[in-house]
Amino acid sequence: EWNDRYRDSVRRFWKGEPGSLPDFARRLHGSSDIFEHSARRPSASINYVCSHDGFTMADLVSYAQRHNELNGEANQDGHQGNHSENFGVEGPTDDPTINALRWRQQKNLLATLLLSQGTPMISGGDEFGRTLMGNNNAYCQDNELNWYDWKGIKESGALQQQFVTHLINIRKSIPVFEHDDYIHDGDNTCNYAIQWFNTAGKIMQPNHWGDHQSRTIGYMLSWQGTAAGFNEHSLMVFHAGRDAASFVLPQITNVAEWEILFDTALANGIPEPENNKVSERLRLFSCSTVMLRAIHAETSISSDITSGSGNE
């Protein structure tokens with residue numbers, strides 16, 4: 001089932017709307033509040049941010065308003081509540097700062113989409129930044145506006161294609177995404193775990209969830225690794241704030257440091273091997289997402305969360 005709640009929640013969070021964090025986390029978790037009560041699994045949720053109907057992803061971060069004048073209905077057609085933004089200029093701009101932020105925001109949306117529980121759906125063309133010039137109801141445009149220009153993909157679009165390929169490979173490598181049951185805290189029968197962290201590296205508490213100005217969340221997936229006695233941990237940090245921020249990494253026994261798997265602040269999102277390790281604290285660009293993998297100390301024999309329980 002197409003999950004329009006997912007679409008709107010993810011858009012609202014990345015736009016920076018107050019109070020959007022708790023619902024954003026529910027969508028990352030597979031929308032159990034929508035599907036689980038009827039015994040449906042996470043895969044029942046078709047997660048999407050954009051589709052054939054509405055803004056493309058590039059236009060979602062480039063236009064605050066729809067621009068459907070060419071459709072001949074005095075710009076009255078098409079959905080009006082898009083939760084879109086333009087970062088200071090409506091439509092195309094030569095400002096390199098705005099363009100860099102728009103590409104970063106697209107990568108944030110794609111990373112969220114491909115690393116949420118559920119079934120991801122990418123609208124064709126969003127992987128390379130296709131635009132309809134702000135038209136969010138282009139069904140009637142059988143012309144160059146609506147056609148795919150495969151030969152006209154820009155360098156930034158090609159870098160985004162590389163990033164999407166990287167995200168798909170990451171998703172395939174993490175067994176949690178193949179587990180088609182909802183994962184809840186305290187379920188001792190499950191070999192997988194999801195935990196939520198604040199910027200101080202502590203388990204989220206009710207007062208943290210109730211902070212309507214919170215723009216940053218850490219989302220950690222854990223599972224039994226191939227090495228005896230080890231748990232594997234992947235941490236995604238989503239930061240929708242308009243300023244740079246820092247995030248204290250969770251303290252996990254026998255984890256020496258973290259490997260950065262991607263950082264949306266980079267041009268193609270993929271760090272260089274010689275510059276992809278971090279410990280203790282993560283520095284975040286404004287509007288960015290970073291994913292990390294825990295690296296165990298060579299002498300470690302087990303791995304446990306030491307930063308507290310959500311029930312304390």
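All values below were derived from every heavy atom in this structure, side-chain atoms included, with hydrogens, water molecules and symmetry-related copies excluded. Heads up: numbering here begins at 1 and tracks the sequence.
Note: Q106 CD to D59 CG = 9.0 Å, rounded to the nearest 0.5 Å. The distance from the CH2 atom of W196 to the CE atom of M220 is 11.5 Å, given to the nearest 0.5 Å. The CG atom of L60 sits 5.0 Å away from the SG atom of C50 when rounded to the nearest 0.5 Å. Rounding to the nearest 0.5 Å places OH of Y192 at 15.5 Å from NE2 of H184. A distance of 15.0 Å separates CE in M57 from CZ in R102, rounded to the nearest 0.5 Å. A distance of 8.0 Å separates OG of S9 from CG of N3, quoted to the nearest 0.5 Å.
Here R41 does not pair with E36 in a salt bridge; the nearest charged N to carboxylate O distance is not below 4.0 Å. Note on R27 versus D33: salt bridge recorded, some NZ/NE/NH1/NH2 to OD/OE distance being below 4.0 Å. By the 4.0 Å N-to-carboxylate-O rule, R293 lies close enough to E259 to be salt-bridged with it. In this structure, D23 does not pair ionically with R12, as no charged nitrogen and carboxylate oxygen lie closer than 4.0 Å.
Counting non-hydrogen atoms of other residues, nucleotides and ligands closer than 6.0 Å to CG of N275 gives a total of 12 or fewer. The environment of CG in D142 is sparse: at most 12 heavy-atom neighbours from other residues, nucleotides or ligands sit within 6.0 Å. Heavy-atom neighbours of F285 CZ from other residues, nucleotides or ligands within 6.0 Å: at or below the threshold of 12. The neighbour count for K277 NZ, taken as heavy atoms of other residues, nucleotides or ligands under 6.0 Å away, is above 12. For D94, the CG atom counts as loosely surrounded, since its 6.0 Å shell holds 12 or fewer non-hydrogen atoms of other residues, nucleotides or ligands.
Considering every non-hydrogen atom in both E257 and V278, the closest pair reads CB-O, 3.5 Å. Shown here for G19 and P22, the closest heavy-atom pair between the two residues is O-CD, 3.7 Å. The two residues A244 and H239 come nearest to each other via the heavy atoms C-NE2, 4.3 Å. Nearest approach of A193 to I183, heavy atoms of both residues: CA-CG2, 3.8 Å. Nearest heavy-atom pair across G129 and A58 is O-CB, 3.6 Å. The two atoms that bring A138 and L132 nearest to each other are CB-CD1, 4.0 Å, heavy atoms only.
Using a 4.5 Å cut-off on side-chain heavy atoms (C-beta onward), H83 and D8 make contact. At a threshold of 4.5 Å between non-hydrogen side-chain atoms, the residues Q105 and F87 count as touching. Inter-residue side-chain proximity for S20 and K15 is flagged as unmet; no heavy-atom pair is nearer than 4.5 Å. Residues Y182 and I194 fail the side-chain proximity criterion, which asks for heavy atoms closer than 4.5 Å. Two residues are said to be in side-chain contact when any heavy atoms from C-beta on lie closer than 4.5 Å; N231 and Q224 meet this criterion. Taking the side chain as every heavy atom from C-beta outward, S123 and Y48 never approach each other to under 4.5 Å. M291 has its side chain within reach of I170: a pair of non-hydrogen atoms, C-beta onward, lies under 4.5 Å apart. Contact of the L249 side chain with the E280 side chain is not registered, since no non-hydrogen atoms from C-beta on lie closer than 4.5 Å.
Side chain to side chain, Q141 and N143 meet the donor-acceptor criterion of an N or O pair below 3.5 Å. With 3.5 Å as the limit, one finds a donor-acceptor pair spanning the side chains of N108 and T289. Looking at S279 and W258, their side chains never bring a donor and an acceptor atom within 3.5 Å of each other. Residues N47 and W2 have side chains that never bring a donor and an acceptor to within less than 3.5 angstrom of each other. A donor atom on one side chain and an acceptor atom on the other are found under 3.5 Å apart for E90 and H67. Side-chain N/O atoms of Q65 and Q80 include no donor and acceptor closer than 3.5 Å. Side-chain atoms of S286 and R104 include a donor-acceptor pair closer than 3.5 Å. If you check the side chains of S116 and Y6, you find a donor sitting under 3.5 Å from an acceptor. Between the side chains of N135 and N71, at least one donor N or O lies within less than 3.5 Å of an accepting N or O.
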Item to check | CA sep, side-chain torsions, deciding dist, call: L113, I122, side-chain contact (heavy atoms from CB on, under 4.5 Å) | outcome: CA-CA 8 Å; L113 177 58; I122 301 175; 3.8 Å; yes
Item to check | Test salt bridge (charged side-chain N to carboxylate O under 4.0 Å, His left out) applied to R242 and E85, step by step | outcome: CA-CA 13 Å; R242 273 25 182 186; E85 59 182 331; 2.7 Å; yes
Next on the checklist: I'd like to know whether H79 forms a side-chain contact (heavy atoms from CB on, under 4.5 Å) with N136, so could you lay out the CA-CA distance, the side-chain angles of the two residues, the decisive distance to 0.1 Å, and finally the verdict.
Outcome noted: CA-CA 7 Å; H79 195 57; N136 74 347; 4.2 Å; yes
Checklist entry - Can V248 and K202 be said to form a side-chain contact (heavy atoms from CB on, under 4.5 Å), step by step? => result CA-CA 8 Å; V248 176; K202 303 298 183 182; over 6 Å; no
Checklist entry - So R40 and E1, salt bridge (charged side-chain N to carboxylate O under 4.0 Å, His left out) or not? Walk me through it. => result CA-CA 11 Å; R40 302 177 74 182; E1 179 180 330; 2.9 Å; yes
Next on the checklist: L284 vs T216, test: side-chain contact (heavy atoms from CB on, under 4.5 Å). Steps then yes/no.
Outcome noted: CA-CA 10 Å; L284 298 163; T216 311; 4.2 Å; yes
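Between N137 and the options N68, N75, D77, a side-chain hydrogen bond (donor to acceptor under 3.5 Å, both in side chains) holds for only D77.
The backbone N or O of D126 lies less than 3.5 Å from a partner atom in the side chain of Q160, making a donor-acceptor pair. Under the 3.5 Å distance criterion, the side-chain polar atoms of R130 are left unmatched by any main-chain donor or acceptor of F128. Of the possible donor and acceptor atoms, one in the side chain of D211 sits under 3.5 Å from a partner among the backbone N and O of Q213. A donor-acceptor pair is defined here as one N or O able to donate and one able to accept, closer than 3.5 Å; no such pair exists between the side chain of T93 and the backbone of V89. Checked by atom type and distance alone, the side chain of N207 never pairs as donor or acceptor with a backbone atom of G210 at under 3.5 Å. For S38 (side chain) and F35 (main-chain N/O), a donor-acceptor pair under 3.5 Å exists by modelled atom type. T119 places a side-chain N or O within donor-acceptor distance of the main-chain N or O of S43, the cut-off being under 3.5 Å.
Classified by interplanar angle (parallel below 30°, tilted 30° to 60°, perpendicular above 60°), the ring pair H296/H233 is tilted. Between W14 and F238, the ring planes lie perpendicular to each other; the angle is over 60°, past the 30° to 60° tilted range. Ring planes of F163 and H166: tilted class, angle from 30 to 60°.
Geometric assessment of R66 against the ring of F55 yields a negative cation-pi assignment under the 6.0 Å and 45° thresholds.
If you chain together hydrophobic residues whose side chains sit under 4.5 Å apart, V10 and F262 fall into the same group. Following chains of ILVMFWY side-chain contacts shorter than 4.5 Å, one can reach I174 starting from L167, so the two form part of one hydrophobic cluster. Y219 and L109 fall within the same hydrophobic cluster, where Ile, Leu, Val, Met, Phe, Trp and Tyr residues are linked whenever their side-chain heavy atoms come under 4.5 Å apart, directly or through other members.
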